[in-house]
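This report concerns only the one structure given below.
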There are 2 protein chains.
Amino acid sequence: MPRLNFTRAMSKPETMEQRRADNIAEQLEELIFNGTFSDGDRLDEVRLAEQFGVSRTPLREAFQRLALSGLVELIPRRGAFVRQPGPVELMEMFEVMAELEAVCGRLAALRITDQALEELRDANSNCQAAVDARDSDAYYAENERFHRIIYQQSGNGFLAQEATKLHKRLKPFRRQQLRFRGRMAQSMAEHEHIVRALEMGTSDLAANTLREHVAVQGEKFHQLMATLKNAAE
Amino acid sequence: MPRLNFTRAMSKPETMEQRRADNIAEQLEELIFNGTFSDGDRLDEVRLAEQFGVSRTPLREAFQRLALSGLVELIPRRGAFVRQPGPVELMEMFEVMAELEAVCGRLAALRITDQALEELRDANSNCQAAVDARDSDAYYAENERFHRIIYQQSGNGFLAQEATKLHKRLKPFRRQQLRFRGRMAQSMAEHEHIVRALEMGTSDLAANTLREHVAVQGEKFHQLMATLKNAAE
DNA sequence: CTTGGCATTCTTGTATACAAAAACATTGAC
DNA sequence: GTCAATGTTTTTGTATACAAGAATGCCAAG
């Protein structure tokens, strides 16, 4: 006889208390992103367990989560292997990212609030300040804020969530890109165009501008490939 | 001193041998989809463990996977709760699905092979046969094949994967839809238009036709809401 | 009748134990 | 020297054990 009579989940308690396993998943993610582990590396359960000061159980739970997000491949009876996207998959992911952003932009052009527009302008001026100060960290932070606002203003929570997920996944690669000369300034200029399109409420223009902004083509393609080779060394 | 000197994963062995935990995740997914568990239900670890004849450990690993795919919400120290999308989230998901299909169509119009076109026509004639026989199961199977081909012909593996994932997630809701009068026939007709657009290689037409085909609007909206109410009773 | 606090029982989260499978190393044949 | 077979050791997958946190029930006070 089941005890818990509250078989229904009450309204989201929005508990931000994390279990240990969740933290471990995040930390592992970070270790993969920052290059401590690279493609093909095997994640040793016992060593990582020691390192994190926990037993294998929560680690294995973390592996499950990472596996579904694609960062790790779980090969039965063999272990967990880091799985970074190769050039082809990376291009594919950027292509999807560009399309997702375009959709967000198209919807946001119709639904964005005045307040959000103001925040976009604010993020943009912070970006400009970062460009002037050649502070790529600050630039990146504000750039992320800029895009996140657009995701949210699409008015489609699910879409915003998916876009955020992919954005996060591509973060390390995008970040490399910013180190190229003139990249920050160009990106800034594109942001201005995007804001203008959103202000005007022209869906198609907003969509196309965002797609172009995110798409990897022309010189950006070569830059991306260059960073990949560096990462592989 | 690490033992495994093969620290790199060899080329994908494409091992289809599943671990127990993977199977459990799939079975649970099925149980959620077919309505054995409905929104808000708590998944009892010990009971399910008995039911599946395993211990709690593999079950908990399965929970982790289901949590990331959104079917289950893991509340710390409280348990795993089934989380079915409500009307709003469902509409959002269909909107994203429509956009993903549109992108697939746009790319596929440029890249589709003659052989794939032939397969689309084949799937379509099977669909027609199913409509004539009023066999909604067969219709659904061929419909799925139809869409899957388009995903794959986008030439973007990552996109195809994401589209497939969402398609699967929406499966139970789409399936309900087919029971409405005339829905299968209308859907069939739209498929014809889609194939024609792909044949002609007109990207925009293919994209728009697919978007309209998948989008939930007008009468379809009411039908979807009706199925939701039925499911809640 | 409702409300609040305490004890009890159940449930989760984590650690540990153990069996099965995989990788490694050694030996021997060619 | 290369390669195959076999025994050893590591490593994974699962079961079990145990500690800490929730939920329930009970009792008393208002």
Side-chain angles (χ1 to χ4, degrees), chain A residues 1-28 37 40-68 72-83, chain B residues 1-28 37 40-68 72-83:
Chain A
M1 189 66 70
R3 194 73 181 300
L4 287 164
N5 284 343
F6 80 119
T7 42
R8 318 226 126 231
M10 61 239 77
S11 66
K12 245 187 201 172
E14 204 62 53
T15 47
M16 266 303 114
E17 30 166 341
Q18 289 193 330
R19 296 179 324 155
R20 199 110 77 129
D22 295 8
N23 271 321
I24 289 174
E26 274 180 40
Q27 288 181 57
L28 274 177
F37 297 108
D41 285 0
R42 178 170 143 286
L43 297 175
D44 189 313
E45 290 183 2
V46 289
R47 184 156 27 148
L48 287 171
E50 278 178 22
Q51 205 164 324
F52 283 114
V54 299
S55 78
R56 283 171 50 218
T57 312
L59 252 164
R60 288 176 58 82
E61 293 196 354
F63 284 175
Q64 295 292 328
R65 312 192 64 168
L66 295 174
L68 209 64
V72 156
E73 187 174 7
L74 246 43
I75 304 181
R77 294 248 160 236
R78 209 130 318 163
F81 295 85
V82 176
R83 176 138 167 53
Chain B
M1 188 68 71
R3 194 73 183 298
L4 287 165
N5 283 343
F6 81 119
T7 42
R8 316 227 127 232
M10 61 239 69
S11 66
K12 245 188 202 172
E14 205 60 55
T15 47
M16 267 303 113
E17 30 167 341
Q18 288 193 330
R19 296 179 325 156
R20 198 111 76 131
D22 294 8
N23 272 321
I24 290 174
E26 274 180 40
Q27 289 180 55
L28 276 177
F37 297 109
D41 285 359
R42 176 169 146 281
L43 298 175
D44 190 313
E45 289 183 4
V46 288
R47 183 155 29 147
L48 287 171
E50 279 178 22
Q51 204 164 326
F52 284 115
V54 299
S55 79
R56 284 171 49 217
T57 313
L59 251 164
R60 289 176 56 83
E61 294 195 353
F63 284 176
Q64 295 292 328
R65 311 192 65 169
L66 294 175
L68 209 62
V72 156
E73 187 176 7
L74 247 43
I75 303 181
R77 292 252 162 235
R78 206 127 324 161
F81 295 85
V82 175
R83 178 142 165 52

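Values below: every heavy atom of this structure, side chains too, minus hydrogens, waters and symmetry copies. In what follows, every chain begins at residue 1, and chains take the letters A, B, ... in the order their sequences are listed.
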Could you work out which one of [options] sits closest to the side chain of [X]?
{"X": "A/Val54", "options": "D/dT12, D/dA15, C/dA15", "answer": "C/dA15"}
{"X": "A/Pro58", "options": "D/dC18, D/dA15, C/dA15", "answer": "C/dA15"}
{"X": "B/Asp44", "options": "C/dT14, D/dT11, C/dT11", "answer": "C/dT11"}
{"X": "A/Thr57", "options": "C/dG13, D/dT14, C/dT14", "answer": "C/dT14"}
{"X": "B/Ser55", "options": "D/dA15, C/dG13, D/dT11", "answer": "D/dA15"}
{"X": "B/Arg77", "options": "C/dA15, C/dG13, D/dT11", "answer": "C/dG13"}

How many Å lie between [atom1] on [X] and [atom2] on [N], as a whole number?
{"X": "B/Arg47", "N": "C/dC10", "atom1": "CZ", "atom2": "P", "value": "14 Å"}
{"X": "B/Ile75", "N": "D/dG21", "atom1": "CD1", "atom2": "P", "value": "18 Å"}
{"X": "A/Leu74", "N": "D/dT12", "atom1": "CG", "atom2": "C1'", "value": "11 Å"}
{"X": "A/Asn23", "N": "C/dT14", "atom1": "CG", "atom2": "P", "value": "10 Å"}
{"X": "A/Leu43", "N": "D/dT11", "atom1": "CG", "atom2": "C1'", "value": "14 Å"}
{"X": "A/Phe81", "N": "C/dA23", "atom1": "CZ", "atom2": "C1'", "value": "11 Å"}
{"X": "A/Glu45", "N": "C/dT16", "atom1": "CD", "atom2": "P", "value": "15 Å"}
{"X": "B/Glu61", "N": "D/dT12", "atom1": "CD", "atom2": "C1'", "value": "10 Å"}

Which value, rounded to the nearest 0.5 Å, describes the distance between B/Leu59 atom CG and B/Glu50 atom CD?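 It comes to 11.0 Å.
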Which heavy atom of A/Phe81 sits nearest to which heavy atom of A/Gly40, and what is that distance?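 Residues A/Phe81 and A/Gly40, closest heavy atoms: CD2-O, 3.5 Å.
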Which heavy atom of A/Ala67 sits nearest to which heavy atom of A/Leu74, and what is that distance?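 Here A/Ala67 and A/Leu74 meet closest at CB-CD2, 4.1 Å.
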Any side-chain heavy-atom pair of B/Val46 and B/Asp44 under 4.5 Å: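 Yes. Closest side-chain heavy atoms under 4.5 Å.
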With the side chain counted from C-beta on, respond yes when B/Leu28 and B/Val72 share a heavy-atom pair under 4.5 Å apart, and no when they do not.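 The answer is no, as the side chains (C-beta and beyond) never meet within the 4.5 Å cut-off.
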Distance-only donor-acceptor test, B/Arg56 side-chain atoms vs C/dG13 base atoms, 3.5 Å: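 Checked by distance alone, the answer is yes.
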So, does A/Arg78 get its side chain near the phosphate of C/dA23, meaning an N or O under 4.0 Å from OP1 or OP2?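 Answer is yes, contact under 4.0 Å.
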